[in-house]
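A short write-up of the structure that comes next.
Note: hydrogens, waters and symmetry copies are ignored here, and every other heavy atom, side chains too, is used. By convention in this document, chain letters (A, B, ...) are assigned in the order of the sequence lines, proteins followed by strands, and residues within each chain are numbered from 1.
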Number of protein chains: 2
Amino acid sequence: MRQTFSIGELGRRAGTKVETIRYYERSGLLPPPPRSSGNYRVYDQEHLRRLSFIRRARKLGFSLEQVRALLDMARHGDRPCDRIDAVVQEHVAEIERKIRDLQCLRHELSTLLGQCGRRKVEECRIVEALGPAPSG
Amino acid sequence: MRQTFSIGELGRRAGTKVETIRYYERSGLLPPPPRSSGNYRVYDQEHLRRLSFIRRARKLGFSLEQVRALLDMARHGDRPCDRIDAVVQEHVAEIERKIRDLQCLRHELSTLLGQCGRRKVEECRIVEALGPAPSG
DNA sequence: CTTGACCCTGTAGGGACTACAGGGTGGATA
DNA sequence: TATCCACCCTGTAGTCCCTACAGGGTCAAG
């Protein structure tokens with residue numbers, strides 16, 4: 001009764017390209033599945049669960065290294081999850097840094113846009129502003 | 001009276017590693033400078049200006065491709081700068097998309113953290129939530 | 001004359017994929 | 001049975017933006 005599927009089907013279900021799945025296998029994130037008589041990879045629900053975990057974590061911005069750590073922690077179901085908590089918390093802090101950086105950047109660029117009033121490139125404040133700091 | 005300097009000095013002035021400068025030269029972003037008798041690269045103020053432009057644009061998040069386009073537009077000083085404007089505007093839109101994504105992400109992760117109350121990994125909502133969507 | 005800081009070229013690595021090339025497999029159709 | 005096509009396989013190379021060597025040459029100071 002155990003449902004199995006090909007790499008293409010797994011890809012469709014998890015929203016992942018076939019090449020990416022093979023790449024995860026090469027990188028040790030997904031265990032090598034059994035093969036059919038024709039040497040095709042044969043996956044089951046457990047593989048789908050694991051791949052979905054990886055994709056979701058990746059969409060949330062975790063690096064493959066972090067995903068590896070999370071999967072590793074998740075394997076030891078009997079330990080307290082403080083460490084998972086810590087990984088996530090560190091990641092949130094990182095995201096907040098990125099948001100601040102981008103907001104600052106947007107502000108700078110908007111200012112640039114405001115200064116440029118359809119003149120010629122010669123006098124364009126954007127080009128100027130991107131140049132070296134005055135007497136740096 | 002024209003001031004010249006070595007690649008190391010240029011790097012110090014523009015806050016760039018020597019390897020990166022050579023990489024920009026290989027990629028056609030910086031013109032190959034003249035060489036000294038001992039085959040050392042010899043740079044001047046114009047190179048510094050151009051490199052500073054590149055570094056600043058990079059810090060503002062432009063891709064090298066975009067930088068190339070900006071430099072190219074800047075070369076034609078007689079044309080209106082609408083197109084530079086457009087490049088910058090598109091970039092701002094991109095940044096705003098990224099900010100929204102990250103804010104959404106932070107929200108999701110914070111929610112996860114709030115749910116996880118120092119239980120064991122087995123029941124950790126974080127691990128669960130990262131798994132496949134319920135009956136997806 | 002030797003030391004040490006700098007410079008040169010060329011190549012490989014990294015992260016996270018993506019895109020072939022060149023072949024094999026499996027099921028439907030003519 | 002032949003043919004077609006979608007799918008699968010491996011292996012390698014490319015993307016982006018650097019970064020880090022290895023194995024040498026140059027130059028100024030001591």
Reckon [X] has a side-chain N or O less than 4.0 Å from the OP1 or OP2 of [N]?
X: K17(B); N: dC17(D); value: no
X: R26(A); N: dC9(D); value: no
X: T20(A); N: dT18(C); value: yes
X: S37(A); N: dG26(C); value: yes
X: R41(B); N: dC7(C); value: no

So, does S27(A) use its side chain to make a donor-acceptor pair with the main chain of L29(A) at under 3.5 Å? no
Specify the residue among I7(B) and Y24(A) whose closest nucleotide of DNA chain C lies further upstream toward the 5′ end. I7(B)
What nucleic acid atoms does [X] come within less than 4.0 Å of, heavy atoms only: base, sugar-phosphate, or nothing?
X: R55(B); result: sugar-phosphate
X: S27(B); result: nothing
X: S36(A); result: nothing
X: R22(B); result: base

Would you kindly compare N39(B) and E65(B) by the position of their nearest DNA chain D nucleotide and give the one closer to the 5′ end? E65(B)
Where the side chain of [X] is concerned, which of [options] is the nearest nucleotide?
X: Y23(B); options: dC27(D), dC17(D), dC17(C); result: dC17(D)
X: S63(B); options: dC17(D), dT19(D), dA19(C); result: dC17(D)
X: R58(B); options: dT19(D), dC17(D), dC9(D); result: dC17(D)
X: Y40(A); options: dC7(D), dA16(C), dC8(C); result: dC7(D)

Side chains of Y24(B) and R55(B) only: does a donor on one sit below 3.5 Å from an acceptor on the other? yes
Is E90(B) salt-bridged to R97(B), going by a charged N under 4.0 Å from an acidic O? yes
